[in-house]
Amino acid sequence: MDLEFRLPDGSLRRYPAGTPGRDIARDLPGASGALALLVDGEYLDLHSPARKGGALRPVLPGTEEGLEVVRHTAAHVMAQAVARLFGKDAVEFAIGPVIDEGFYYDFDIEHAFTPEDLPRIEEEMRRIVREDLPLSRSEVEGKDAARARLDASGKAEFKKEIVRDLPDGSVFSFYSQGEFTDLCRGPHVPSTGAVGEAFKLLSVAGAYWRGDEKRKMLQRIYATAFFRKEELDEWVRLKEEAKRRDHRVLGRELGLFKFPEASPGAAIWLPKGMICWRELERVIREKLDARGYVEVRTPVLLDSSVWKVTGHMDHYRENMYFLEKQEDRLFGMKPMNCPGSAMVFQEGLRSYRELPLRLAEFGLVHRNEKSGVLGGLTRVRSFVQDDAHVYCTPEQLEDELRDLVAFVREIYGLFGFADIRMYLATRPASSTGTDAMWRNAEEAIGSVLRASGAPFVMDPGGGAFYGPKIDFKVLDSIRREWQLATIQVDFSLPEKFDLDYVAQDGTRKRPVVIHRAILGSFERMFGILVEHFAGAFPLWLSPEQVRVVPVSEEKQADACRAAVAALRAAGLRASADLGSGKMGAKIREATIAKVPYCLVIGGREAESGQVAVRRRDGHDLGALPLGEVVEALRREAAERRLEPSLGPPPGTPLPERKRKPQA
RNA sequence: GCUGCAGUAGCUCAGCCGGUAGAGCACGUCCUUGGUAAGGACGAGGUCACGGGUUCAAAUCCCGUCUGCAGCUCCA
């Protein structure tokens with residue numbers, strides 16, 4: 001039987017089924033040097049027999065698809081190197097897939113890999129690449145044949161489990177390069193030489209077999225590979241950039257927050273960090289007011305009978321903190337703010353005229369996260385959510401959801417998060433509520449998301465136990481993805497708390513509730529903002545906005561104090577550095593502290609009522625009238641601008657002689 | 001929680017094979033009064049994470065606990 005292939009130019013080719021990719025590539029125009037082929041978007045490597053036709057194009061070096069193939073083979077090269085160095089019988093191979101930024105291979109081996117092993121393995125990998133071993137593929141049909149093949153090559157329990165879980169009658173493929181053979185679906189490059197030498201082993205980590213914490217812990221080596229050395233170097237540079245932005249380090253250096261040993265998973269907010277917190281709170285409150293929310297505050301401790309009602313005792317208990325029983329009552333610390341909010345709703349008899357009722361709460365919650373997942377501000381046990389619960393009628397649900405999606409986008413715009421991604425998370429395995437409730441909620445969300453016109457992704461089983469949700473993820477300034485907002489529809493909370501309102505027709509009706517947080521939590525959001533801005537916050541968010549520096553502290557002290565007074569009168573956070581020391585050193589300190597503006601006052605400025613403006617990025621804007629500067633900065637902060645209002649756009653190169661490390 | 005690694009001055013780190021602690025920066029005092037990223041001198045500062053053990057002797061070796069880091073699993 002012949003298969004038909006459509007080339008990119010529209011022409012058609014026919015080959016008998018089973019023709020190896022290699023033979024097809026040979027007479028495909030523009031395919032010399034191809035690493036593999038793509039048929040209808042699926043890989044067909046040069047070793048594999050074609051089983052179906054379709055749109056055909058080559059996978060060339062330098063492309064994303066090509067990189068995937070190269071990395072896959074690089075994983076095999078790594079496994080081969082480990083087998084050579086540690087002995088083929090000392091190690092058992094699990095899986096070695098390609099991931100976003102590289103690849104890994106999981107090994108079961110007695111020897112505990114150390115960082116010193118990595119260069120040795122790399123060296124052996126280079127040898128294998130230089131040997132340019134051709135890869136070959138062989139196939140067997142059926143599980144028995146696959147198992148027999150595996151048995152012949154030594155212990156392969158993990159591979160056998162993979163075979164066991166694939167459908168009967170499958171074709172199993174093995175790839176060999178030199179003395180190394182691995183059960184593998186492919187695709188792979190023609191020979192190990194095609195892997196090249198732009199690869200790097202990154203780290204060793206434990207990983208459960210099949211991600212199951214009850215199963216065996218394997219040793220995983222992470223690595224990455226590129227086509228060219230320069231690409232690898234650039235990738236390493238980006239990793240270092242991410243490291244440079246680490247909020248745990250910046251938070252300490254900038255005096256924003258710290259982490260006490262006595263309370264793992266909780267932060268201490270230092271005065272400067274607290275200024276940022278208050279600015280965030282202030283802007284959120286402004287927007288809440290504008291959108292018709294009212295703010296409440298509810299207890300941290302609630303009797304366990306409440307948590308039974310909400311279902312937390314059944315579905316969330318291991319994440320909750322309970323106090324010792326006192327006077328025969330068991331109190332749990334709230335991991336969520338919903339019960340308190342429901343109690344607010346229960347206050348008095350509600351009318352349909354009050355709906356939608358939008359209750360906001362900056363609620364302090366505690367969640368007993370497993371110790372191993374804690375990390376900086378992005379994963380803590382004690383945090384404050386910018387939470388709100390919207391009580392509305394089923395008819396109002398879509399409008400409210402629509403408004404919330406717009407709200408989220410408005411807030412993220414404040415920080416310059418342009419790339420916002422939405423996910424629709426549906427019913428998880430452990431959940432409360434009826435099928436009908438879930439179906440209704442999922443449909444309402446789906447319809448709003450579709451109507452929003454923005455693309456969204458399904459996250460099956462990712463919902464909360466009480467309802468489906470929209471999760472928002474954003475990309476930061478160095479394109480890392482973060483989960484922030486969540487909007488959750490909940491039909492079951494009103495049931496559980498027996499919430500109702502008097503409808504227009506006089507009957508009692510059940511409201512729907514939407515839980516939502518936009519920042520997510522102040523803690524996580526702030527950690528992300530520190531990394532997003534690399535600690536150089538926009539003016540409005542900067543703990544210290546302006547520092548006034550005298551050229552000669554004895555002579556211009558009064559002028560400096562007057563400038564600070566004018567700045568403070570305009571609502572700006574400013575101080576003067578009147579200590580002893582040279583001006584250069586003071587400017588350096590202000591720059592390191594990432595203070596957005598330095599105003600320098602010398603004899604000339606003091607006399608003319610001017611200030612010399614210097615930005616933290618090193619741009620010296622020269623002398624300007626104080627009043628003008630104060631007004632410009634006041635507006636820049638009040639409008640919450642992301643970019644400086646004085647001087648050239650950020651990123652403008654500095655004049656030649658001033659190239660020094662900048663904040 | 002699990003696997004691996006780590007914990008010495010406020011910070012970054014040295015202190016290897018055991019003989020009761022050191023540098024740079026930061027901090028304080030004094031001198032220096034200067035034009036856009038580091039002026040100088042002197043000084044103070046550590047129960048070497050905590051608890052046990054081995055030893056004549058432990059920051060150093062062993063065990064346990066706590067905390068952190070990289071992952072796994074999980075999540076705002």
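Residue numbers start from 1 in every chain, and the chains themselves are labelled A, B, ... in the order their sequence lines are given, proteins ahead of strands. Note that this is a predicted model, so its numbers are computed, not measured.
- B:rU32 and B:rG24: their P atoms are spaced 25 Å apart (whole Å).
- Closest contact between the side chain of A:Gln488 and the listed nucleotides B:rU73, B:rA76, B:rU33 involves B:rA76.
- Between the side chains of A:Trp277 and A:Glu281, at least one donor N or O lies within less than 3.5 Å of an accepting N or O.
- Pairing partner, B:rU47: none, since no Watson-Crick or wobble contact has both distances short of 3.5 Å.
- At whole-Å resolution of the value, CZ in A:Arg547 and C1' in B:rA37 are 13 Å apart.
- Here the separation of B:rG45 from B:rC11, taken at their C1' atoms, is 14 Å to the nearest Å.
- Across all strands shown, A:Ala585 has heavy atoms under 4.0 Å from sugar-phosphate atoms exclusively, and none from any base.
- In a base pair of the Watson-Crick type (N1 to N3 plus N6-O4 or O6-N4) or a G-U wobble (N1-O2 and O6-N3), with each distance short of 3.5 Å, B:rG7 is matched with B:rC66.
- Residue contacts shown for A:Leu218 are absent, as no nucleic acid heavy atom lies under 4.0 Å away.
- The partner of B:rU29 is B:rA41, by the rule that a Watson-Crick or G-U pair needs both atom distances under 3.5 Å.
- For B:rA76, its base sits under 3.5 Å from the side chain of A:Glu369 at one donor and acceptor pair at least.
- Comparing B:rC75 with B:rU12, their C1' atoms sit 33 Å apart, to the nearest whole Å.
- Protein atom CZ of A:Arg588 is 18 Å distant from nucleotide atom P of B:rG35, rounded to whole Å.
- Ring-base stacking between A:Phe259 and B:rG68 is not satisfied when judged by a centre separation under 5.5 Å and a plane angle under 30°.
- Taking atom P in both B:rU54 and B:rC63, one finds a spacing of 15 Å when rounded to whole Å.
- Within the nucleic acid shown, A:Arg248 comes within 4.0 Å of sugar-phosphate atoms alone, with no base atom in reach, counting heavy atoms only.
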**Q.** Residues A:Asp620, A:Arg614; criterion salt bridge (charged side-chain N to carboxylate O under 4.0 Å, His left out); working and verdict
**A.** CA-CA 4 Å; A:Asp620 180 356; A:Arg614 185 189 199 276; over 6 Å; no
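- When Watson-Crick and G-U wobble pairs are counted only if both distances are under 3.5 Å, B:rU73 pairs with no nucleotide at all.
- Within the structure, every side-chain polar atom (N or O) of A:Thr486 is placed at least 4.0 Å from both OP1 and OP2 of B:rA76.
- Across all strands shown, B:rC61 forms a Watson-Crick or G-U wobble pair, both distances under 3.5 Å, with B:rG53.
- Contact annotation for A:Ala590: no contact, since no heavy-atom pair falls under 4.0 Å across all strands.
- Among the nucleotides B:rU33, B:rG1, B:rA76, the one closest to the side chain of A:Ser552 is B:rU33.
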Requested in this report: Would you check, one step at a time, whether the test side-chain contact (heavy atoms from CB on, under 4.5 Å) holds for A:Ile470 with A:Val408?
Outcome: CA-CA 11 Å; A:Ile470 311 172; A:Val408 169; over 6 Å; no
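- Heavy atoms of A:Gly372 sit under 4.0 angstrom from at least one base atom.
- In this structure, A:Lys586 atom NZ and B:rG34 atom P are separated by 13 Å, rounded to whole Å.
- A:Leu621 has its CG atom 20 Å from the P atom of B:rG35, to the nearest Å.
- Counting non-hydrogen atoms under 4.0 angstrom, A:Gln483 reaches the backbone sugars and phosphates but no base.
- Where A:Leu374 and A:Ala464 meet RNA chain B, the nucleotide closest to each residue was compared, and A:Leu374 sits on the side nearer the 5' end.
- Under the side chain to side chain contact (heavy atoms under 4.5 Å, CB included) test applied with A:Phe383, the options A:Glu523, A:Met525, A:Arg524, A:His366 reduce to a single match, A:Glu523.
- A ring pair (Phe, Tyr, Trp, His ring centres under 6.0 Å) with A:Phe158 is found for exactly one of A:Tyr105, A:Phe107, A:Trp209, namely A:Trp209.
- The base-pairing partner of B:rC17, taking Watson-Crick or G-U wobble contacts with both distances under 3.5 Å, does not exist among the strands shown.
- Proximity note for A:Tyr208 (side chain, C-beta onward) versus B:rC72, B:rU36, B:rA38: the nearest is B:rC72.
- A cation-pi contact, defined as under 6.0 Å to the ring centre and within 45° of the axis, links A:Arg120 to A:Phe86.
- Between the C1' atoms of B:rA57 and B:rU73, the separation comes to 46 Å (whole Å).
- Between the C1' atom of B:rA70 and the CD1 atom of A:Ile221 lies a distance of 14 Å, rounded to the nearest Å.
- Distance from the side chain of A:Gln385 is smallest to B:rA76 among B:rG35, B:rA76, B:rU36.
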Output a table of donor-acceptor pairs, distance under 3.5 Å, between side-chain atoms of residues 261-269 of chain A and any protein atom two or more places apart or on a different chain; print 'none' if there are none.
none

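- Between the base of B:rG34 and the side chain of A:Gln556 there is no donor-acceptor pair shorter than 3.5 Å.
- At whole-Å resolution of the value, CD1 in A:Ile592 and P in B:rU36 are 17 Å apart.
- At the phosphate of B:rG71, neither OP1 nor OP2 sits under 4.0 Å from any side-chain N or O atom of A:Arg379.
- Taking atom CD of residue A:Gln219 and atom C1' of nucleotide B:rA70, one finds them 14 Å apart after rounding to whole Å.
- The six-membered or imidazole ring of A:His532 lies near that of A:Phe417, with a centre-to-centre distance under 6.0 Å.
- No contact: A:Val365 has no heavy atom under 4.0 Å from any strand.
- Nucleic acid contact class of A:Glu318 (heavy atoms, under 4.0 Å, all strands): none.
- Inspection of the A:Arg421 and A:Tyr423 side chains reveals no N or O donor paired with an N or O acceptor under 3.5 Å.
- Phosphate proximity of B:rA76 to A:Lys469: present, with a side-chain N or O under 4.0 Å from OP1 or OP2.
- Comparing A:Arg252 and A:Arg367 against RNA chain B, the residue whose closest nucleotide sits nearer the 5' end is A:Arg252.
- The same atom, P, is picked in B:rU67 and in B:rC50; the two are 15 Å apart, to the nearest Å.
- With P as the reference atom, B:rC61 and B:rG71 are 27 Å apart, rounded to whole Å.
- Here B:rG71 presents its C1' atom at 14 Å from CD of A:Glu101, a figure rounded to the nearest Å.
- Across the C1' atoms, B:rU60 and B:rG18 are found 6 Å apart, a figure rounded to whole Å.
- The base of B:rG71 has none of its N or O atoms less than 3.5 Å from a complementary donor or acceptor on the side chain of A:Tyr104.
- If you check distances only, the side chain of A:Arg524 does reach the base of B:rC75 with a donor-acceptor pair under 3.5 Å.
- Out of B:rG34, B:rU36, B:rG7, the shortest distance to the side chain of A:Arg614 is found at B:rU36.
- A cation-pi geometry, defined here as NZ or CZ lying under 6.0 Å from the six-membered ring centre and within 45° of its normal, holds between A:Arg317 and A:Phe322.
- A:Gly462 comes within 4.0 angstrom of no nucleic acid atom, judged by non-hydrogen atoms across all strands.
- Among the nucleotides B:rA37, B:rU67, B:rG71, the one closest to any side-chain atom of A:Tyr222 is B:rG71.
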